[in-house]
Amino acid sequence: MSASMPFSRIIGSGSFLPPNLVTNEALAADMATRQIETSDEWIAERTGIRQRYIADRGVKTSALATEAARRALADAGVDASEVDLIIVATSTADFVFPSTACIVQAGLGNKGAAAFDVQAVCSGFVYALTTADSFIRAGRAKCAVVIGAEVFSSILDWNDRGTCVLFGDGAGAVVLQASDTPGIIGAELHADGSQMNILTAAGNVAYGQVTGDPFLRMDGQAVFKQAVTVLDRSARSVTADAGLTMADVDWMIPHQANLRILTFLARKLDVPLEKVVVTVDQHANTSAASIPLALDVARRDGRIQSGQLVLLQGVGGGFTWGSVLVRM
Ligand code: ACO
């Protein structure tokens with residue numbers, strides 16, 4: 001199989017957002033009841049975020065992930081029984097174990113596929129996609145569902161205005177199939193664990209209790225500078241390794257953390273902002289879900305066309321980052 005089908009190709013995408021839309025105004029009004037001051041103006045000006053979707057309490061990541069996966073399979077015209085690899089990128093797994101991927105597998109009605117989670121925070125989707133591509137290129141899988149899904153609202157300190165306004169919940173998925181033409185033409189993954197403290201949720205469950213801090217903490221300015229630097233460098237190297245330049249890229253889909261990061265990055269790379277898919281205004285930062293969500297939105301609204309070159313870039317806690325170059 002691997003000799004005749006040495007590549008992997010994205011053949012479908014899907015996404016799902018929980019129904020509860022929370023505008024900046026609604027969030028500010030809610031925070032005001034706890035004597036915490038924020039405004040639509042502050043949030044929109046600093047981040048570009050206008051709204052986010054928040055899952056009801058108790059709704060788990062697997063529920064969002066399963067629906068996004070169903071939609072991706074329907075888009076690809078593939079039955080769940082044909083899938084032999086399921087990878088979920090998430091930092092908000094349903095449980096300590098089993099993995100969210102196994103719960104999604106049961107929800108899809110698939111039996112027998114390999115299923116596991118990948119934990120690389122906001123870089124999780126590019127890590128998971130690169131992993132699935134590597135399985136397929138090695139001949140160890142033929143049809144993968146790769147999902148990014150998060151209920152980040154469950155790890156936010158809703159009394160910390162510096163972080164809680166930035167994030168939202170959601171899920172996105174792609175179906176990746178063995179192919180005799182590429183497909184995924186380049187990928188690189190990186191991490192620098194010495195920078196773990198600039199973005200962290202440093203709690204765990206032990207001996208029946210949560211120990212440490214259960215909430216996300218962030219040094220916003222350090223993350224901002226680091227994100228722009230590593231994404232710029234990685235965009236240049238992944239395209240150069242493929243014998244291409246940024247001028248060959250039709251669409252950039254960087255992790256949707258903040259419109260200012262996207263704007264700075266596009267400027268550094270000399271890419272017009274019109275070539276950058278932006279959904280952070282609509283979804284806020286959905287961590288591992290942000291890239292497949294944005295990809296699905298831009299495929300469905302007709303922006304991303306078959307044959308075009310798309311650069312997917314993740315960056316986040318760890319510190320982690322990576323890029324995947326895809327011919328659609
Ligand atoms: N509403 C009103 N005021 C606020 C809010 C808020 N929601 N949050 C912070 N402030 C106040 C601060 O208290 C501070 O007030 P002070 O001057 O009286 O002390 C002031 O605004 C400035 O705060 P800074 O933290 O310095 O604001 P900054 O300009 O750095 O913007 C932000 C903060 C938006 C987080 C910025 O640092 C940033 O974009 N960082 C990138 C990080 C990011 O996007 N992370 C997402 C997760 S990481 C990832 O996904 C890769």
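Numbering of ligands and ligand atoms starts at 1, following listing order. Every heavy atom of this structure was used, including side-chain atoms; hydrogens, water molecules and symmetry mates were not.
- Partner Ile49 forms a side chain to side chain contact (heavy atoms under 4.5 Å, CB included) with one of Asn24, Asp281, Asn258 and no other, that one being Asn24.
- Closest to atom 12 (C) of ligand 1 among all protein heavy atoms lies Arg161 NH2, 3.8 Å.
- For Asn20, there are no side chain to side chain donor-acceptor pair (under 3.5 Å) partners two or more places apart in sequence or in a different chain.
- Of the protein's heavy atoms, at least one falls inside 4.0 Å of atom 29 (O) of ligand 1.
- Using a cut-off of 4.0 Å between Lys/Arg side-chain N and Asp/Glu carboxylate O, Asp232 and Arg236 are scored as salt-bridged.
- Heavy atoms from both the backbone and the side chain of Thr38 come within less than 4.0 Å of ligand 1.
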Glu150 and Thr61: CA distance, side-chain angles, deciding distance, side-chain hydrogen bond (donor to acceptor under 3.5 Å, both in side chains) verdict: CA-CA 5 Å; Glu150 304 278 11; Thr61 295; 5.4 Å; no

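- A salt bridge links Arg299 with Asp75: the distance from a Lys NZ or Arg NE/NH1/NH2 to an Asp or Glu carboxylate oxygen falls below 4.0 Å.
- Judged by distance alone, with hydrogens and angles left aside, the side-chain atoms of Ser290 form a donor-acceptor pair with the main-chain N or O of Gln256 at under 3.5 Å.
- The residue among Gln256, His255, Glu41, Met31 with a heavy atom at the shortest distance from atom 50 (O) of ligand 1 is His255.
- Protein heavy atom at the shortest distance from atom 25 (O) of ligand 1 is Gln221 NE2, 4.6 Å.
- Applying the 4.0 Å criterion to heavy atoms of Gly316 picks out, from ligand 1, the atoms 51 (C).
- Nearest protein heavy-atom contact of atom 39 (O) of ligand 1 is Asn258 ND2, 2.4 Å.
- From the protein, the heavy atom lying nearest to atom 10 (N) of ligand 1 is Trp42 CZ2, 3.4 Å.
- For ligand 1, the atoms closer than 4.0 angstrom to any heavy atom of Gly162 are 8 (N).
- Through side-chain heavy atoms spaced under 4.5 Å, either directly or across other Ile, Leu, Val, Met, Phe, Trp or Tyr residues, Val228 is tied to Phe224, Ile261, Phe264.
- With Trp251 contributing its side chain and Arg303 its backbone, the two residues share a donor-acceptor pair below 3.5 Å.
- The pair Arg217-Asp157 meets the salt-bridge criterion, since a charged nitrogen lies less than 4.0 angstrom from a carboxylate oxygen.
- When each atom of ligand 1 is checked for a heavy atom of Met218 under 4.0 Å away, the hits are 35 (C), 42 (C), 43 (C), 45 (N), 46 (C), 47 (C).
- The distance from ligand 1 to the heavy atoms of Leu199 drops below 4.0 Å at these ligand atoms: 48 (S).
- Applying the side chain to side chain contact (heavy atoms under 4.5 Å, CB included) test between Ile185 and each of Val326, Leu244, Val324 identifies Leu244 as the sole match.
- In this structure, atom 22 (C) of ligand 1 has protein heavy atoms in its sub-4.0 angstrom surroundings.
- Counting only N and O atoms by type, the side chains of Gln313 and Ser323 include a donor and acceptor under 3.5 Å apart.
- Among all non-hydrogen protein atoms, the one lying nearest atom 41 (C) of ligand 1 is Gly220 O, 3.3 Å.
- In this structure, atom 48 (S) of ligand 1 is in close contact with the protein, since a protein heavy atom lies within 4.0 Å of it.
- Ligand 1 places these atoms under 4.0 Å from at least one heavy atom of Asn285: 46 (C), 47 (C), 49 (C), 50 (O).
- Distance from atom 27 (O) of ligand 1 to its nearest protein heavy atom, with residue and atom name: Arg46 NH1, 3.3 Å.
- Under 3.5 Å, the side chains of Thr23 and Gln51 contain no donor-acceptor pair of N or O atoms.
- The protein heavy-atom contact nearest to atom 34 (C) of ligand 1 is Thr47 CG2, 3.8 Å.
- Near Val165, meaning under 4.0 Å from one of its heavy atoms, ligand 1 places the atoms 7 (N).
- Counting all heavy atoms, side chain and backbone alike, Ser39 lies closest to Ala28 at CA-CB, 4.2 Å.
- Under the 4.0 angstrom criterion, atom 16 (P) of ligand 1 counts as lacking any protein heavy-atom contact.
- With respect to atom 51 (C) of ligand 1, the closest heavy atom belonging to the protein is Val315 O, 3.2 Å.
- For atom 7 (N) of ligand 1, a protein heavy-atom neighbour is present inside the 4.0 Å cut-off.
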